[in-house]
S.K.: 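Before we start, here is the structure in question, set down as structure tokens.
Both counts, for ligands and for their atoms, begin at 1 and track the order of listing.
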Amino acid sequence: MANNILKGKRGIIFGALNEKSIAWKVAELAHAEGAEFVLTNAPIAMRMGEINNLAEKTNSQVIAADATSDEDLENLIEQSMEILGGKIDFILHSIGMSPNVRKGKHYTELNYKFYSQSLDISATSLHKVLAISMKKDAISEWGSVLALTYIGAQRIFPDYNDMADAKSLLESISRSFGYHYGIKNKVRVNTISQSPTATTAGEGIKGFNEFINFSDQMSPLGNATAEACAEYCISMFSDYTRYVTMQNLFHDGGFSSTGVTQQVVDKFAE
Ligand code: NAI
């Protein structure tokens, strides 16, 4: 199915932890579509070693970077341009983590140190990536930066906890930076709001299994898969979507526009 639509493009892909990761699927497809890229993840995630298999498969190099560290990000962006031989055309931010979710803290009783870590890792990191890229003039004109988000930014899903706040911030950063980077260098910045997906981060949310079924039945097309999300990401990195910027793009099988489906109503019939 590959059509080489990313031929000649250079990228940085954050967040491939294992085969289930959305970023993993994006890397596989970007490779098939002719892109060259650097893979990156937090040093702690590297220890699991799976990313090296992906690097081998996609003929790419891996650079460790904690997305909250300015120093790591500066090094990552400089080295990526060196390795790839020029400015970057696309960046995938596929990073999310909440210590409050991990430690089972209720939203009404958050640990605020954890809270700022959730925001730092899951949202402010996008600002840092963009600010450092801008300072180093590291992204080509018409370059495309994408971050993955969830509809919990707009609507309450009780167990999504402080990730809802982090995603609201992430989407706002994408819009605001999209304005400034668009004016300065014609760089576009968008978020893709993906259906619940069975990955390490997704499965960390309480009640995920029930929730993914609910979402599936509330979406006319069913939940979008990680593979389908990767396809959407590739189209957003390609030149076919050059005037799309500052958007939060729902990739959710219609969930976000659905009030209720017959399938769900039927469950209440007695
Ligand atoms: P994943 O667990 O495979 O990916 C999350 C990644 O974040 C991991 O690779 C992890 O190592 C990385 N990360 C955590 N802390 C980091 C740090 N300090 N520095 C650098 N990287 C760090 O899970 P998934 O689902 O592929 O998540 C990717 C993105 O998609 C996240 O932003 C997530 O919130 C978003 N998303 C996921 C959905 C789901 O249901 N799985 C639904 C909608 C959005």
Side-chain angles (χ1 to χ4, degrees), residues 12-28 39-51 54 62-73 75-76 91-99 101-102 114 116-126 128-129 146-155 157 159-171 173-174 191-209 211-216 219 223-230 232-233 248-253 255-256:
I12 301 178
I13 298 179
F14 286 85
L17 179 67
N18 54 35
E19 269 181 2
K20 290 181 175 176
S21 300
I22 298 168
W24 189 287
K25 312 284 184 202
V26 174
E28 286 181 331
L39 295 168
T40 180
N41 210 325
I44 191 164
M46 304 276 183
R47 271 183 236 143
M48 298 169 205
E50 292 185 51
I51 199 170
L54 180 66
V62 182
I63 300 175
D66 179 338
T68 64
S69 155
D70 290 13
E71 204 187 326
D72 284 9
L73 291 175
N75 174 58
L76 167 70
I91 297 179
L92 177 72
H93 177 288
S94 184
I95 301 171
M97 213 282 280
S98 159
V101 168
R102 283 217 178 159
F114 292 167
S116 54
Q117 287 173 337
S118 299
L119 301 183
D120 257 11
I121 296 170
S122 312
T124 314
S125 57
L126 176 65
K128 290 186 176 175
V129 168
L146 268 185
L148 294 178
T149 186
Y150 180 59
I151 195 173
Q154 286 82 30
R155 300 206 198 143
F157 297 92
D159 292 323
Y160 202 49
N161 209 319
D162 63 344
M163 279 304 290
D165 301 359
K167 292 304 193 192
S168 301
L169 178 59
L170 180 79
E171 292 175 18
I173 290 171
S174 150
T191 49
I192 289 183
S193 188
Q194 163 67 7
S195 295
T197 314
T199 62
T200 307
E203 286 166 342
I205 306 288
K206 206 169 115 209
F208 183 78
N209 288 338
F211 184 64
I212 200 170
N213 292 336
F214 166 74
S215 171
D216 196 46
S219 309
N223 286 333
T225 62
E227 288 79 5
C229 185
Y232 195 23
C233 293
N248 181 42
L249 305 162
F250 287 103
H251 184 257
D252 64 356
F255 180 89
S256 49

S.K.: Of all residues at least two apart in sequence or in a different chain, which pass the side-chain contact (heavy atoms from CB on, under 4.5 Å) check with L54?
M.R.: A16, W24, A27, E28, L39, T58
S.K.: Donor-acceptor pair, D66 side chain versus A42 backbone, under 3.5 Å?
M.R.: no
S.K.: Pick whichever of I95, L73, L92, I205 has a heavy atom sitting closest to atom 7 (O) of ligand 1.
M.R.: I95
S.K.: Taking only heavy atoms of D66, which atoms of ligand 1 are found under 4.0 Å from at least one of them?
M.R.: 17 (C), 18 (N), 19 (N)
S.K.: Mark up the atoms of ligand 1 that fall under 4.0 Å of a heavy atom belonging to L148, in ascending order.
M.R.: 29 (C), 30 (O), 32 (O), 35 (C)
S.K.: Starting from atom 40 (O) of ligand 1, what is the nearest protein heavy atom, named by residue and atom, and what distance separates them?
M.R.: T197 N, 2.7 Å
S.K.: Does only the side chain of S122 get under 4.0 Å from ligand 1, or the backbone, or both, or neither? Count heavy atoms.
M.R.: neither
S.K.: Can you tell me how the ring of F255 sits relative to the ring of F157, calling it parallel under 30°, perpendicular over 60° and tilted otherwise?
M.R.: tilted
S.K.: Among K167, H251, E203, which one has a heavy atom closest to atom 32 (O) of ligand 1?
M.R.: K167
S.K.: Test of understanding: given a 4.0 Å heavy-atom threshold, classify the contact between I22 and ligand 1 as side chain, backbone, both, or neither.
M.R.: both
S.K.: Rounded to the nearest 0.5 Å, what separation is found between the CG atom of L17 and the CD1 atom of I51?
M.R.: 8.5 Å
S.K.: Run the numbers for me: atoms of ligand 1, each under 4.0 Å from some heavy atom of P196, listed by number.
M.R.: 40 (O)
S.K.: Output yes when a side-chain donor or acceptor of T40 lies under 3.5 Å from a complementary backbone atom of I63, and no otherwise.
M.R.: yes
S.K.: Could you list which atoms of ligand 1 come closer than 4.0 Å to a heavy atom of G15?
M.R.: 4 (O), 6 (C), 8 (C), 9 (O)
S.K.: Run the numbers for me: atoms of ligand 1, each under 4.0 Å from some heavy atom of Y150, listed by number.
M.R.: 43 (C)
S.K.: Quick one: does ligand 1 sit under 4.0 Å from the side chain of I44, the backbone, both or neither, non-hydrogen atoms only?
M.R.: neither
S.K.: With backbone taken as N, CA, C and O and side chain as the heavy atoms from C-beta onward, which portion of A65 lies under 4.0 Å from ligand 1: side chain, backbone, both, or neither?
M.R.: backbone
S.K.: Before you tell me yes or no, could you show the steps for T68 and Q117 under side-chain contact (heavy atoms from CB on, under 4.5 Å), namely the whole-Å CA-CA distance, both residues' side-chain angles and the distance that decides it to 0.1 Å?
M.R.: CA-CA 9 Å; T68 64; Q117 287 173 337; over 6 Å; no
S.K.: Return yes or no for this condition: an N or O of F208 is under 3.5 Å from an N or O of ligand 1.
M.R.: no
S.K.: Answer yes if the side chains of D120 and S116 hold a donor-acceptor pair under 3.5 Å, and no otherwise.
M.R.: no
S.K.: Can you name the atoms of ligand 1, numbered from 1 with element, that are less than 4.0 Å from a heavy atom of T149?
M.R.: 43 (C), 44 (C)
S.K.: Any side-chain to backbone donor/acceptor pair from N223 onto G253? Under 3.5 Å, distance only.
M.R.: no
S.K.: Taking the minimum heavy-atom distance to atom 5 (C) of ligand 1, which of A226, A23, A67, S94 ranks first?
M.R.: S94
S.K.: Walk me through whether V101 and Y160 qualify under side-chain contact (heavy atoms from CB on, under 4.5 Å).
M.R.: CA-CA 8 Å; V101 168; Y160 202 49; over 6 Å; no
S.K.: So is there a nitrogen or oxygen of N18 less than 3.5 Å from a nitrogen or oxygen in ligand 1?
M.R.: no
S.K.: Quick one: side-chain contact (heavy atoms from CB on, under 4.5 Å) partners of M97, sequence neighbours excluded?
M.R.: P99, R102, I121
S.K.: In terms of residue, atom name and distance, what is the protein heavy atom nearest to atom 3 (O) of ligand 1?
M.R.: S21 OG, 2.6 Å
S.K.: Look at atom 10 (C) of ligand 1 and find which of L17, N41, I212 reaches it with the closest heavy atom.
M.R.: N41
S.K.: At a 4.0 Å threshold, what atoms of ligand 1 neighbour a non-hydrogen atom of T200?
M.R.: 2 (O)
S.K.: Backbone N or O of L119 within a donor-acceptor pair of the S122 side chain at under 3.5 Å?
M.R.: no
S.K.: In terms of residue, atom name and distance, what is the protein heavy atom nearest to atom 25 (O) of ligand 1?
M.R.: T199 OG1, 2.5 Å
S.K.: Would you say Y160 has any N or O atom under 3.5 Å from an N or O of ligand 1, going by distance alone?
M.R.: no
S.K.: Of the protein's non-hydrogen atoms, which lies at the shortest distance from atom 27 (O) of ligand 1, and what is that distance?
M.R.: A201 CB, 4.1 Å
S.K.: Do D162 and S98 pair up side chain to side chain, a donor and an acceptor below 3.5 Å, judged on atom types alone?
M.R.: yes
S.K.: Return the closest protein heavy atom for atom 42 (C) of ligand 1 as residue, atom name and distance.
M.R.: S195 O, 3.5 Å
S.K.: Say whether, by atom type as modelled, one donor and one acceptor occur between the side chain of K20 and the main chain of A201 under 3.5 angstrom.
M.R.: no
S.K.: Could you list the atoms of ligand 1 found under 4.0 angstrom from a heavy atom of I121?
M.R.: 15 (N), 16 (C), 18 (N)
S.K.: Is K128 reaching over with its side chain to a backbone N or O of L73, donor-acceptor style, under 3.5 angstrom?
M.R.: no
